[in-house]
Amino acid sequence: MKKEFFEINGLGGEAGLEGEIRVSGAKNAALPALASAVLFTNTLTLTEIPSIEDIFRTQEMISAIGGTVQFADGTMEVGIPDSCTPDLTGDIAKRMRASVIFTGPLLARFRRVRFPHPGGCVIGPRPIDMFLEAYERMGATVRIEDGLYEVSAPRGLRGASIFFRQQSVTATEAVMLAAALAEGTTIIENAACEPEIASVADFLIANGAQISGAGSSTITIRGTTLLTAREHYRCIPDRIEAGSFLILAALAGKDVRIHNVNCAHIRSLTNELERAGVELRYGENSVRVAKSAQSYCPLTFKTHEYPGFPTDLQAPMLVFLTQAGGESLVFETVFENRLNYSEELMRMGADITVMNPHQALVRGPRNLHGRELPSPDIRAGLAFVIAAAIAEGKSLVHNVYYIDRGYERIDERFAALGLSIIRHEFETH
Ligand code: EPU
């Protein structure tokens, strides 16, 4: 089997990066948009789709259920004909959490769906109780057979009033998509408000779906028959990628221009960076950033559902805080194990005390030293690339597959800014 790692020669605290970088389409908008293809009679066209491993796996999953899918130059064509089988039984569904978004529209259209428990993940337990309870409220029955969930609604789903005990991005998406084909009206309360949800809802509305309130905590969906695609879906810019680039540029940028940024989607981050002393110059859909101080002010921040600080930027932000002068406090409120990666940063010289699974104290500034690092998940993987970029000496970042799951050709794009980063391949047995 082939594996890859990045060799990064760090800048040792210097502001050496310069140039332009464009943010890709958002992974977490592309995935529900692809799942929404189940609601259509004809083929959907989606543009600005990032070329990343999670999208390739989803493509394979769509083919495995009998769908048609073509992908070239950021444009994807997806069709889900009536001949598809709603069985997400492959390995991909087991490994990739986002596969669970497909369960809602598949159940609504084919009146049954079979799937494994999705994505055991290092960032904490990822239960699906809220999905199952919502499907039951919409008239489905849930059984577990041979380790697979079998959800069926032989007479079709019906609209229901659903209150999520916790805001969940993918549960909101799955239920919103299911409700689009249910009979009657569904109201989702305490829905997640992430912009990726509103983006997919706007696209569905443009094609005849009756959805209101997406992007707020109450979404109302009036079910219709299968939709016919008239408009294509254009993926919104990835706010997590934009945020990670801002952090990298604030730590190591001489003059970096980040393009294709929706600044309204990253207010929680830009607000914190500006509080810390980073100077940001906003253009139309772009931000210009440089290292604006030798050491920044410390911060206390907590992760929160949108519009609060995204948990997916917690790890890069913690790397940022290792370079702030004083004590910073990080609260991770969304996931259980999402501070585990900080041990590796300590081995690089960071001064971090993990007080409990949700809180870490960071004392800075500390010089980081290059070393070998694993990539435990998509976001911590990129945080390690950022840490390696500012460290002194050479780092080897392993399990590049995780980084490739979420970021398109990140090595080439960072190298274009002047980072010394090389991708190596090796054989394992
Ligand atoms: N939760 C439950 N029961 C459920 C569903 C969720 O208890 O049935 C809990 C989770 O355990 C968690 C909380 O609800 O504590 C919120 O998690 P959420 O369901 O919102 O997470 P998700 O939908 O599985 C999406 C993103 C994640 C991102 C989170 C939080 C996608 C495909 N994934 O996951 O992105 O971290 O929202 O914003 O949209 C990533 O891209 O690397 C990634 C992990």
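Read the numbers this way: they start at 1 and go in the same order the structure lists the ligands and their atoms. Keep in mind it's a predicted model, so treat the numbers as computed, not measured.
Side chain to side chain, Tyr233 and Ser199 meet the donor-acceptor criterion of an N or O pair below 3.5 Å.
By the criterion of a heavy-atom distance under 4.0 Å, the backbone of Gln167, and not its side chain, is placed next to ligand 1. Contact annotation: for Tyr306 versus ligand 1, there are no heavy atoms closer than 4.0 Å. Here His304 has no heavy atoms under 4.0 Å from ligand 1, in either its backbone or its side chain.
Residue-ligand proximity, Arg379 to ligand 1, at heavy-atom distances under 4.0 Å covers atoms 40 (C), 41 (O), 42 (O). Of all atoms in ligand 1, listed by their number and element, those nearer than 4.0 Å to a heavy atom of Asp129 are 2 (C), 3 (N), 4 (C), 7 (O), 8 (O). Taking every heavy atom of Arg165 and a limit of under 4.0 angstrom, the matching atoms of ligand 1 come to 2 (C), 3 (N), 7 (O). Atoms of ligand 1 found under 4.0 Å from any heavy atom of Thr311 (numbered from 1 in listed order, with element): 30 (C), 36 (O), 38 (O).
Screening Arg413, Arg22, Lys27 for a side-chain hydrogen bond (donor to acceptor under 3.5 Å, both in side chains) with Glu241, the sole residue that qualifies is Arg413.
A centroid separation of less than 6.0 Å is found between the aromatic rings of Phe5 and His398. Separation of the Phe131 and Phe164 ring centroids does not fall under the 6.0 Å cut-off.
Between the side chain of Thr172 and the main chain of Ala192, a donor-acceptor pair closer than 3.5 Å is present. Put simply, the side chain of Asn399 never gets that close to the backbone of Pro374: no donor and acceptor are under 3.5 Å apart.
With Thr170, Asn28, Asp54 as candidates, the residue nearest to atom 26 (C) of ligand 1 on a non-hydrogen basis is Asn28. In this comparison of Glu133, Arg338, Gln166, Gln314, the heavy atom closest to atom 44 (C) of ligand 1 sits on Arg338. When Met96, Glu173, Arg126, Arg97 are checked for heavy-atom proximity to atom 34 (O) of ligand 1, Arg126 turns out nearest. Checking Pro127, Ala192, Gly381 against atom 11 (O) of ligand 1, the nearest heavy atom belongs to Pro127.
Remark: Ser217 engages Gln167, Cys193 in a side chain to side chain contact (heavy atoms under 4.5 Å, CB included) (not counting sequence neighbours).
At a threshold of 4.0 Å, the pair Asp54-Arg97 does not count as salt-bridged, since none of the basic side-chain nitrogens sits closer than that to a carboxylate oxygen.
For ligand 1, one of its N or O atoms has an N or O atom of Met130 under 3.5 Å away. Considering backbone and side-chain N/O of Ala98, none are found under 3.5 Å from N/O of ligand 1. Taking distance alone, with nitrogen or oxygen atoms compared against 3.5 Å, Glu194 stays at or beyond that limit from ligand 1. Polar contact with ligand 1: present for Val169 (N/O pair, distance under 3.5 Å).
Between Tyr341 and Gln314, some side-chain heavy-atom pair lies under the 4.5 Å cut-off.
Glu305 does not count as a contact of ligand 1, since none of its heavy atoms falls under 4.0 Å from the ligand. Heavy atoms of Glu336 come nearer than 4.0 angstrom to ligand 1 in no pair at all. Taking 4.0 Å as the cut-off, Pro310 does not count as a neighbour of ligand 1 on heavy-atom distance.
Pairing each heavy atom of Lys291 with each of Tyr296, the nearest pair is CA-OH, 3.5 Å.
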Could you go through Glu343 and Arg347, starting from their C-alpha distance and side-chain angles, then the distance that decides it, and tell me whether this counts as salt bridge (charged side-chain N to carboxylate O under 4.0 Å, His left out)? CA-CA 6 Å; Glu343 273 180 31; Arg347 293 196 189 104; 3.7 Å; yes
